[in-house]
Amino acid sequence: MITVLFAAPALWDEYRDPLPQALKSAGLRAQVVLEAAPETVDYIVYAPSAPLQDFRPFTRAKAVLSLWAGVERIVGNPTLTQPLCRMVDPSLTEGMVEWVVGHALRHHLGMDAHIVNPSHAWVPDPAPLARHRPVTVLGLGALGTACAQALAALNFPVTGWSRSPKSVPGLRCLSGPEGLRAALTGAQIVVTLLPRTPETENTLNAETLALPARGAVILNPGRGPLIDDDALLAALDQGQIGHATLDVFRVEPLPQDHPFWAHPKVTVTPHIAADTRADSASGVIAENIRRAESGAALLHRVDRALGY
Ligand code: NDP
Ligand code: OXD
């Protein structure tokens, strides 16, 4: 019998049925528990809300399986010696594609001018075709690649940027610190889907925010620290950046007195770009446990040195 410790009690109501069911469907004889003697636990399911911080007593655990894609709150935990896997799940990806495409189209089509038009102004100002609006996606991982491909399928010319070189059909792919400048220069929509690591902090700063086309739009569903808040506010006030739609922040919930809330060129969404859904995430967890039990390599393993 495999013992799976569900270390995210706040999420238990959502996972109580689908997780045991998914383990059973994967052909595993497993029990999912909220508490257990640490030395009896085979796998740990983790979320940032988990009270569990000391992984040392879990001497038998073969993996820590995160319900979140972003692992910045656990990756540096010095007590964690077990392999760490992040969440890569088709539903999460689907949700992110919908958020990114929806917000990109809002700005591309200039929808706001028609949704709020109290003076009933008749100003025919059609949007250019998507093929004339360059988009840059920073981060070409599970989420960034799917979003970039969805935007490219709508004919946006899309540039993607990653740490290591990549080749993705339909995208212009650039990489490394030297590729960032070219990736941002002239972009009219910039999407940030990088993980939070020491290297990605303030990727968008006073210098790099000057590179996109004047009036460009920033969409940040990645992590708050990818952007220097003060530099963004200055770029918005100067008109260099036309609008920022932000889903993630340095402090969440975003404090009531943060200037983003009241800024006319900022849209705040409350970290809802993509939700981990229990049904599909349970299948991902079960598949990884099945693999580990059969001696196969774990999927979506985090590189502790890289931090993602
Ligand atoms: P991945 O790990 O699959 O992809 C990360 C991408 O970022 C990779 O392309 C990677 O490059 C690139 N990258 C990492 N470091 C650097 C660097 N220093 N310079 C350039 N590129 C870099 O992550 P996901 O796509 O699954 O998720 C991305 C992030 O989205 C998560 O970390 C999380 O913060 C956020 N997220 C937000 C959600 C929300 O609701 N707002 C929901 C889920 C995730 P390479 O390909 O070379 O490794
Ligand atoms: C995640 C998130 O990382 O929801 O999964 O932000």
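Given the structure is predicted, the values throughout are model-derived calculations rather than measurements. For reference, positions follow the sequence shown, starting with 1. Each ligand, and each atom within it, is numbered from 1 in the order the structure gives.
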Does [X] have a non-hydrogen atom less than 4.0 Å from ligand 1?
X      : result
Arg223 : yes
Thr197 : no
Leu193 : yes
Lys166 : yes
Arg86  : yes
Trp161 : yes

Original post:
Which one holds for Val88 and ligand 1: side chain close, backbone close, both close, or neither close, with close meaning a heavy atom under 4.0 Å?
Top reply: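 Neither part.
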
Heavy-atom nearest neighbour in the protein, as seen from [atom], with distance rounded to 0.1 Å:
atom                    : answer
atom 13 (N) of ligand 1 : Leu194 CD2, 3.7 Å
atom 35 (C) of ligand 1 : Gly222 O, 3.4 Å
atom 7 (O) of ligand 1  : Pro195 CD, 3.3 Å
atom 37 (C) of ligand 1 : Pro221 O, 3.1 Å
atom 9 (O) of ligand 1  : Leu140 N, 2.9 Å
atom 25 (O) of ligand 1 : Leu143 N, 2.9 Å
atom 10 (C) of ligand 1 : Tyr308 OH, 3.5 Å
atom 11 (O) of ligand 1 : Arg163 N, 3.2 Å

Within a distance under 4.0 Å of any heavy atom of [X], pick out the atoms of ligand 1 and give their elements.
X      : result
His271 : 39 (C), 40 (O), 41 (N)
Ala69  : 43 (C), 44 (C)
Ser164 : 45 (P), 47 (O)
Met96  : 37 (C), 38 (C), 39 (C), 42 (C)
Glu199 : 18 (N)
Val248 : 41 (N)
Thr200 : 15 (N), 16 (C), 17 (C), 18 (N)
Gly139 : 6 (C), 7 (O), 9 (O)

Subject >> Gly70, any N or O under 3.5 Å of ligand 2 N or O >> reply: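 For ligand 2, there is an N or O atom that lies under 3.5 Å from one belonging to Gly70.
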
Original post:
Does an N or O from Leu67, backbone or side chain, lie closer than 3.5 Å to an N or O of ligand 2?
Top reply: no

Original post:
Would you find more than 12 non-hydrogen atoms of other residues, nucleotides or ligands less than 6.0 Å from Glu39 atom CD?
Top reply: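 Buried by this count: over 12 neighbours within 6.0 Å.
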
With a 4.5 Å cut-off on side-chain heavy atoms, are [Y] and [X] touching?
X      : Y      : result
Val88  : Leu299 : no
Arg106 : Thr267 : yes
Met87  : Ile285 : yes

Taking all non-hydrogen atoms of both residues, which atom of [X] and which atom of [Y] are closest, and how far apart?
X      : Y      : answer
Ala281 : Asp89  : N-OD2, 4.0 Å
Ala216 : Ile241 : O-CG2, 3.3 Å
Leu226 : Asn220 : CD1-OD1, 3.9 Å

Subject >> Closest to atom 40 (O) of ligand 1 (judged by heavy-atom distance), picking from Gly160, Gly141, Ala274, Gly176 >> reply: Ala274

Original post:
Using a distance-only test with no angle check, is there a side-chain donor-acceptor pair under 3.5 angstrom linking His258 and Asp229?
Top reply: yes

**OP:** Give me the ring orientation class for His108 and Phe156: parallel if the planes are under 30° apart, tilted from 30 to 60°, perpendicular past 60°.
**Re:**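 If you compare the ring of His108 with that of Phe156, the planes turn out perpendicular.
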
Subject >> Sub-6.0 Å ring centroid separation between His271 and Trp68 >> reply: yes

Subject >> Polar side-chain atom of Thr208 near backbone of Thr203 as donor-acceptor pair, under 3.5 Å >> reply: yes

Original post:
Can a salt bridge be assigned to the pair Glu293 and Arg290 using a cut-off of 4.0 Å between side-chain N and carboxylate O?
Top reply: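 Salt bridge absent between Glu293 and Arg290.
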
Subject >> NZ/NE/NH1/NH2 to OD/OE distance under 4.0 Å, Arg56 and Asp54 >> reply: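 Yes, Arg56 and Asp54 are salt-bridged.
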
Original post:
Does ligand 2 have an atom that lies less than 4.0 angstrom from a heavy atom of Arg86?
Top reply: no

Original post:
Under 4.0 Å from any heavy atom of Ala69, which atoms of ligand 2 are there?
Top reply: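 Under 4.0 Å from Ala69, ligand 2 has these atoms: 1 (C), 3 (O), 5 (O).
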
Original post:
Against heavy atoms of His271, which atoms of ligand 2 measure under 4.0 Å?
Top reply: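 Checking each atom against His271, I get 2 (C), 4 (O), 6 (O).
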
